[in-house]
Amino acid sequence: MSKTIIISNRLPLQIKLEENEINVSPSVGGLATGMKSVHEEGESLWIGWSGLAEEDLNEETKPKVLAEIQKNHCATVPLTENDVDHFYYGFSNKTLWPLFHYFLEYTSFENENWESYKRVNQKFADVVLENAEDGDTIWVHDYQLLLLPQYIKQKKPDTSIGFFLHIPFPSYEVFRTFPWREEVLEGMLGADLIGFHTYDYERHFLSCARRLLHLDTNFNEISYNDRIIKIDSFPMGIDFDKFYNAAREHSKNSETEKSDIQKKLDDHLYASNEAQMILSIDRLDYTKGIPNRIKSFEYFLEKYPEYQQKVRLIMLAVPSRSNVPQYQLLKRETDELVGRINGKFSTVSWTPIWYFYRSLPFDNLIDLYTSCDVAMITPVRDGMNLVAKEYVATRVNQDGVLVLSEMAGAAKEMNEALLINPNNFEDVAKTLKMALEMPKDEQKARISVMQERLKRYTVEKWAQEFFTALNSTKDVINTLVSK
Ligand code: GDG
């Protein structure tokens, strides 16, 4: 019987080793949640890295970790510290991540990292090939594994391979600067179906395939090595019910059940009955537009001084890739900006920005989503942005306003949000004022339309649609084989 194989850089498990004790819990991210239904649905195997380098394991712990992984229908790819340095921190996060997000000035092109990237993609292929049989359906995820589809297809042409990119695919003018552009395109073209979050990313990919590899394209199909490859967009959704139900339960919490964060948020509201709260949540990443957001909030407080002491920006920045220098610089810049603005505007009873540099448990995330009147999601570039969707899903009373950057993939499906250009502080400040003053019936009209859409196109639906499209490419493979 044919099976499904899911492959991502990290397994959907968090594995912690503490003095030879192993602690395994499920990951909470969007990808893990989205694929959960597929993974739990019978015969499927998830392949990825465990998060533990080979050097972290010993004769006693290694078999125990492997047994836990197997128990969860997963298989791991053994990575050394050197692999993690060069493949993950190096090529994935110092080359592909900045380049694909249009940060050319942050992009490094180092041959040593490229060699490691190829080696590690081959390591992933080895584990896949040990487990794959003809007829299997294979779904490869994200920018760390761009070469993997080709490595699998060369050895197992009768498997059906899908690839999904979670980050933007840049325009030809940016992609052409990449030294290994042809190899990477050919790597992706090992797949039978290539999916992106938006039509724009799809269009950029098609244009690169035409202009750099001189391939024939017919609408969204590419002819390559006697195969037809389908390119399509699949905007990723969220687990709507999980967020909506958590928010509904949260609203029933009695005073004693409230978290410390919730009590603090309530204090702010009671301080003045006109007080309003603005929320931002993101990994501390330069693509998320954090400095711009703080500066535009400063501009807003200066331009509309009547809002001083009335609004507060609650900013959750989750630590990320903190051993990459650009992330360390961003952390310093963010700390300084928050300090400067709080120093400039604070009074004895009011601080304009509450800044948390940590990750919070899910329940606290719900505290934040449900307490804030406005969500200010202003990335300078973002593949999709699930936080914007989660905020809308938690608004059980259909109030609240989403201010969203045009540069996030999510903006393509959330036209009822207030869309802004994050580099235009004037626009951001004016829009923020409009959000804070929006009448309740308009809030409701906008939120309810977005909720309906999110309810219909959930992450589960996203995975199903991708699989349906991938399965339909099988018919094309069969026709070509029988010719
Ligand atoms: C990449 C692409 C694309 C955040 N802080 C906490 C926490 N989170 C959860 C959120 C959300 C997820 O993490 C973040 O997802 P995003 O989509 O916003 O951003 P990336 O991490 O950059 O993801 C992005 C995505 O892949 C999917 O394709 O949308 O464009 O960059 O689910 O809720 N969760 C908890 N505590 C936190 O402190 N529990």
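We count ligands from 1, going down the list as the structure has it; atoms in each ligand are counted the same way. Atom set for the values below is all heavy atoms of this structure, side chains included, hydrogens, waters and symmetry mates excluded.
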Tyr151 ring center within less than 6.0 Å of Phe124 ring center: no
Atoms of ligand 1 close to Asp382 [distance to a heavy atom under 4.0 angstrom, numbered from 1]: 24 (C), 30 (O), 31 (O)
Close approach of Trp97 to ligand 1, heavy atoms, under 4.0 angstrom: yes
Interfacing atoms of ligand 1 (cut-off 4.0 Å, heavy-atom, Val387): 18 (O)
Close-contact set for ligand 1 against Met236 heavy atoms, below 4.0 Å: 27 (C), 28 (O)
Ligand 1 contacted by Leu316 (non-hydrogen, < 4.0 Å): yes
Contact atoms of ligand 1, heavy-atom distance to Ser359 under 4.0 Å: 38 (O)
Numbering as shown, the atoms of ligand 1 that approach Gly383 to under 4.0 Å (heavy-atom distance): 30 (O)
Check ion pair Glu110-Lys94 (N to O, under 4.0 angstrom): no
Which segment of Leu365 sits under 4.0 Å of ligand 1 when only heavy atoms are counted: side chain
Heavy-atom nearest neighbour of atom 35 (C) of ligand 1 within options Leu360, Ile366, Leu386: Leu360
Electrostatic pair Arg340-Glu298, nearest N-O below 4.0 angstrom: yes
For atom 20 (P) of ligand 1, the option (of His166, Lys288, Arg381, Lys389) bearing the nearest heavy atom: Lys288
Charged tip of Lys123 within 45° of Phe87 ring normal and under 6.0 Å: no
Salt-bridge criterion met for Lys153 and Asp192 (N-O under 4.0 Å): yes
Proximity winner for atom 3 (C) of ligand 1, if only heavy atoms of Arg283, Arg358, Met384 are counted: Met384
Ring geometry between Phe164 and Phe234 (parallel below 30°, tilted from 30 to 60°, perpendicular above 60°): perpendicular
Residue portion contacting ligand 1 (non-hydrogen atoms closer than 4.0 Å) for Val318: side chain
Mutual orientation of the aromatic rings belonging to Trp139 and Trp462 [parallel < 30°, tilted 30-60°, perpendicular > 60°]: tilted
Side chain to side chain contact (heavy atoms under 4.5 Å, CB included) between Cys74 and His39, worked out: CA-CA 10 Å; Cys74 293; His39 190 219; 4.0 Å; yes
